[in-house]
Amino acid sequence: MKQRGAYVNAMEKKLAEYKCDTNEATCLKLVRFPEDVEDDGTTFHPEYSHQLFGDDEVAFGYKGLQIQLFYTAGNLSTLFKVKYSSKVTDTFDCVEADDVEAKIREIIPAGFTSNTDDFISLLEKEANFKPFGTMLHSYTVHNEEAEQLTYQIHKADISCPGFQEYHERLQTFLMWFIETASFLDIDDDRWDFFLVFEKYNKDGETLYATVGYMTVYNYYVYPDKTRPRVSQMLILPPFQGEGHGAQLLEAVHRFYCSLPKVQDITAEDPSENYVKLRDYVLTKFCQNLPSFDADKLHLGFSTDMIREAQEKLKINKKHARRVYEILRLRATDMSDEEKARAYRLEVKKRLFGPYRKNQRELAKMRKCLRPEELVSHMGQLDTQTQHEELEKSYQLAVDDYRRVIERLASQA
């Protein structure tokens, strides 16, 4: 028995060596020049791989696994290769390796190459790649080398020649960087696509690199309006932290504000990062509206604010309320105890809404639940816990608001 146990332990230890972290093993690149292919400095890795490799984000059966997914910077022509130093075999090890290649093929469209030389030859065609659709906005950013880089934001739809195939390659990045990502069925003409590109020079020619994008679905609102809803937004990792998300959201917001039929602009299941970005962009827009003047903020959230935000900027009441709280914080001397208390109560009054709803539900429960059932619900709605949760929510909101205020000050 001891020998058998030792054998099993040795086997487990050996097989453990054949487990690879799929976030580390997956190597992504956006390639502009042939030398980028061999340059580890241009490689970036996924944040998530659970949709393909399970919750553990592990591939079994390989040592030194490397999944190469390299894209040409503009058109996103794809090189896909799987490399490893050794692999388990069913004959020798009595176990089977995960079919990594099949899993990746589930998300990348046909037409990729597995030959590095063929991929490098595709770089020569990048000069023919031009951004899709109509340009909405252009802006410049200074990089660390003090160069001035130019970016363009374009609006496209499925009628643009070649766009559908390009989008199939672009959306593969969602699986690696958005936790709950799913692919779109873009045959519906109510989808709008907003794309960010960087202009760059190569051998005296102007080329374009894909930076990020946003998808928006136009819902119908009775009787004759539409409600654009942001579905997905991604700035590719090499470009994150440079302000492109804010530029994109501002450009998209301005575009829809110019359309009389748009009621307001919303987002589907927004992430925390998206909400923070939206807070910044909407506050930047609203701070110049007369109803949000600093001398009016201490009077409270008004119908004028709701109306003006809706009519001029297509911002709904819920989002306008957050903007009001941010601007009121900026205009409040929080070292003045009385003013700070008034501000705190104003924000907590909004945050208390869900708790008040719980109280109403509890009143209904008292009429129809048996005592032992009521006790279990009472535990969830304990007053002391509510106060603690409310204070926690308030502090988190104020922290987020201060970051928006700091960002606005740095851009002034």
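Start at 1 with the first residue, then count along the sequence.
Salt bridge annotation for D399-R402: absent, with no cationic side-chain nitrogen under 4.0 angstrom from a carboxylate oxygen. A salt bridge is defined here as a Lys NZ or Arg NE, NH1 or NH2 lying under 4.0 Å from an Asp or Glu carboxylate O, and R32 with E126 fails to meet this definition. A salt bridge does not link D98 to K103: none of the charged side-chain nitrogens sits closer than 4.0 Å to a carboxylate oxygen. Between E337 and R344 no salt bridge is recorded (no basic side-chain N to carboxylate O distance below 4.0 Å). Between R322 and D279, at least one side-chain N (NZ, or NE/NH1/NH2) sits under 4.0 Å from a carboxylate O, which counts as a salt bridge.
The CD atom of Q247 sits 10.0 Å away from atom CD1 of I235, with the distance rounded to the nearest 0.5 Å. In this structure, the separation between CD on Q171 and OH on Y213 is 5.5 Å, given to the nearest 0.5 Å. Between atom CG of residue L122 and atom CZ of residue F129 there is a gap of 13.5 Å, rounded to the nearest 0.5 Å. In this structure, R403 CZ and I405 CD1 are separated by 11.5 Å, a value rounded to the nearest 0.5 Å. Note: D36 CG to T42 OG1 = 5.0 Å, rounded to the nearest 0.5 Å. R169 CZ to T78 OG1: the interatomic distance, rounded to the nearest 0.5 Å, is 6.5 Å.
Separation of the H137 and Y139 ring centroids falls under the 6.0 Å cut-off. Between F80 and F119, the ring centre distance reaches or exceeds 6.0 Å. Checked against the 6.0 Å centroid criterion, the rings of Y166 and F132 qualify as a close aromatic pair. Separation of the F173 and Y71 ring centroids falls under the 6.0 Å cut-off. Under the 6.0 Å cut-off for aromatic ring centres, F163 and F193 qualify, their centroids lying closer than that.
T226 and N218 are not linked by any side-chain donor-acceptor pair at a separation below 3.5 angstrom, with hydrogens and angles left out of the test. Between N75 and S77, the side chains place a donor N or O and an acceptor N or O closer than 3.5 Å (distance only, hydrogens not considered). Side-chain contact annotation: K81 with T116, donor-acceptor N/O pair under 3.5 Å present. A donor atom on one side chain and an acceptor atom on the other are not found under 3.5 Å apart for E57 and T22. No hydrogens or angles considered: nothing links the side chains of N115 and T113 as a donor-acceptor pair under 3.5 Å. Between the side chains of Q152 and H154, at least one donor-acceptor pair of N or O atoms lies under 3.5 Å.
Closest of all the heavy-atom pairs between L297 and Y324 is O-CE1, 3.4 Å.
No side-chain heavy atom of L259 sits under 4.5 Å from any side-chain heavy atom of K261. Side-chain contact between E346 and E325 is absent, with no heavy-atom pair separated by less than 4.5 Å. With contacts defined as side-chain heavy-atom distances shorter than 4.5 Å, the pair K312/F285 does not qualify. Contact annotation: the side chain of E179 approaches that of H50 to within less than 4.5 Å [non-hydrogen atoms, C-beta and beyond]. R328 places none of its side-chain heavy atoms less than 4.5 Å from the side chain of F301. Contact of the L149 side chain with the K199 side chain is not registered, since no non-hydrogen atoms from C-beta on lie closer than 4.5 Å. Residues Q68 and K83 are in side-chain contact: their nearest non-hydrogen atoms beyond the backbone lie under 4.5 Å apart. Inter-residue side-chain proximity for H298 and Y343 is flagged as unmet; no heavy-atom pair is nearer than 4.5 Å.
At distances below 3.5 Å, at least one donor-acceptor pair connects side-chain atoms of D157 with backbone N or O atoms of S159. The main-chain N or O of N23 is never found under 3.5 Å from a side-chain atom of T26 such that the two would form a donor-acceptor pair.
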Please assess Q164 against D187 for the test side chain to side chain donor-acceptor pair (under 3.5 Å), listing each intermediate value before the final yes or no. CA-CA 9 Å; Q164 197 149 353; D187 290 340; 3.1 Å; yes

CA sep, side-chain torsions, deciding dist, call: E388, K392, salt bridge (charged side-chain N to carboxylate O under 4.0 Å, His left out): CA-CA 6 Å; E388 287 169 8; K392 195 167 141 191; over 6 Å; no

Evaluate S335 against D333 for side chain to side chain donor-acceptor pair (under 3.5 Å), listing each step before the verdict. CA-CA 5 Å; S335 64; D333 177 3; 2.5 Å; yes

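A cation-pi arrangement, defined by a distance under 6.0 Å to the six-membered ring centre and an angle within 45 degrees of its axis, is absent between R229 and Y217. Geometric assessment of K63 against the ring of Y18 yields a positive cation-pi assignment under the 6.0 Å and 45° thresholds. Judged by a 6.0 Å distance limit and a 45° cone about the ring axis, K87 is not positioned over the six-membered ring of Y62.
D264 pairs with exactly one of K314, R227, K318 by the side chain to side chain donor-acceptor pair (under 3.5 Å) rule, that one being R227.
Heavy-atom contacts from other residues, nucleotides or ligands closer than 6.0 Å to OH of Y84 number 12 or fewer.
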